[in-house]
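What follows is one structure encoded as structure tokens, with my remarks underneath.
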Amino acid sequence: AQKVTQAQTEISVVEKEDVTLDCVYETRDTTYYLFWYKQPPSGELVFLIRRNSFDEQNEISGRYSWNFQKSTSSFNFTITASQVVDSAVYFCALSSGYSTLTFGKGTMLLVSP
Amino acid sequence: GAVVSQHPSWVICKSGTSVKIECRSLDFQATTMFWYRQFPKQSLMLMATSNEGSKATYEQGVEKDKFLINHASLTLSTLTVTSAHPEDSSFYICSARPGGKNIQYFGAGTRLSVL
């Protein structure tokens, strides 16, 4: 069975602080995909990134960066110089091949001015 | 690219009526669409997977006669909540997956309130 754990239920930071959202996953498959989605108060899930299990290279996109560590089964997400607009619920998710997504419970990020 | 439109965004209905929610992929063909339900401050719960032209696959515990899913084309799937009751009030969100690409793109969701 697959499982995604986001241990941080809620994180509060002040603008311009860096923040890291943790994600730990469990799967028996050797080929799998990891995702991060952002859900702002409006409700829509916004796709942020997909990473496959064979690509452990870290990725940076603007203020966002992701650290994939197979050795610790983690796929952490860091926002640098956070902004109020980053306030949202962030979900980490896992799928094997073309199977369905297994979501974590989400981390609510509150960025205050 | 990869835009999914979900309509309506908000619906209020009386108990016993049926409500139809549409999910459209606007700029790609979606061989597979998914329907989720999300309770306040909780994660998404997969209700069913629908493949174009075939019957939907429902998750355990989801009543297929209650939640009718139709995926008649590669760009449209509908979810009909039949004989809605207050306990069906929730946030329903769909996603669409392009053929050959393992990424789900989500709609904006529908907030259903049953009085």
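In what follows, every chain begins at residue 1, and chains take the letters A, B, ... in the order their sequences are listed.
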- prompt: Got a sec, which residues hit side chain to side chain contact (heavy atoms under 4.5 Å, CB included) with B:Thr78, two or more places apart in sequence or on another chain?
  reply: B:Lys20, B:Glu22, B:Asn70, B:Leu76
message: A quick test of your reading: do over 12 heavy atoms of other residues, nucleotides or ligands sit less than 6.0 Å from CD1 of A:Ile60?
response: no
message: Evaluate A:Tyr37 against B:Leu44 for side-chain contact (heavy atoms from CB on, under 4.5 Å), listing each step before the verdict.
response: CA-CA 12 Å; A:Tyr37 286 90; B:Leu44 282 75; over 6 Å; no
Heavy-atom neighbours of B:His85 NE2 exceed 12 at 6.0 Å: yes
statement: Okay, A:Ser99 and chain B: the region with an atom under 4.5 Å from a heavy atom over there is backbone
query: Are A:Val14 and A:Val84 co-members of a hydrophobic cluster defined by side-chain heavy atoms under 4.5 Å apart?
result: no
query: Side-chain heavy atoms under 4.5 angstrom apart, residues restricted to Ile, Leu, Val, Met, Phe, Trp, Tyr: same cluster for B:Tyr105 and B:Tyr36?
result: yes
message: Using side-chain contact (heavy atoms from CB on, under 4.5 Å), reason through B:Asn102 and A:Ser95 one step at a time and then give a plain yes or no.
response: CA-CA 9 Å; B:Asn102 188 17; A:Ser95 78; 3.1 Å; yes
- request: Below 4.5 Å from any heavy atom of chain A, which atoms of B:Arg111 appear? Answer side chain, backbone, both or neither.
  value: neither
- prompt: What are the two closest heavy atoms between B:Ser43 and A:Lys105, and how far apart are they?
  reply: CB-CA, 3.8 Å
- line: If one checks every heavy atom of B:Gln42 against chain A at 4.5 Å, the contacting part turns out to be backbone
- line: dist A:Leu101:CG -> B:Phe106:CZ (nearest 0.5 Å) comes out at 5.5 Å
query: Should A:Phe68 and A:Tyr33 be regarded as members of a common hydrophobic cluster, given that ILVMFWY residues are connected when their side-chain heavy atoms come within less than 4.5 Å of each other, either directly or indirectly?
result: no
field: Region of B:Leu46 that comes under 4.5 Å of a non-hydrogen atom in chain A
entry: side chain
task: Select one option (side chain, backbone, both, neither) describing which atoms of A:Gln39 are under 4.5 Å from chain B's heavy atoms.
output: side chain
task: State yes or no: do B:Tyr58 and B:Trp35 share one hydrophobic cluster built from I, L, V, M, F, W and Y residues joined by side-chain heavy-atom distances below 4.5 Å, directly or via other members?
output: yes
field: Atom pair CZ/CD of A:Phe103 and B:Gln38 - distance to nearest 0.5 Å
entry: 9.0 Å
statement: Value for CE (A:Met108) from NZ (B:Lys41), rounded to nearest 0.5 Å, stands at 6.0 Å
task: Group every Ile, Leu, Val, Met, Phe, Trp and Tyr by side-chain heavy-atom contacts under 4.5 Å, then state whether B:Val11 and B:Ile21 land in the same group.
output: yes
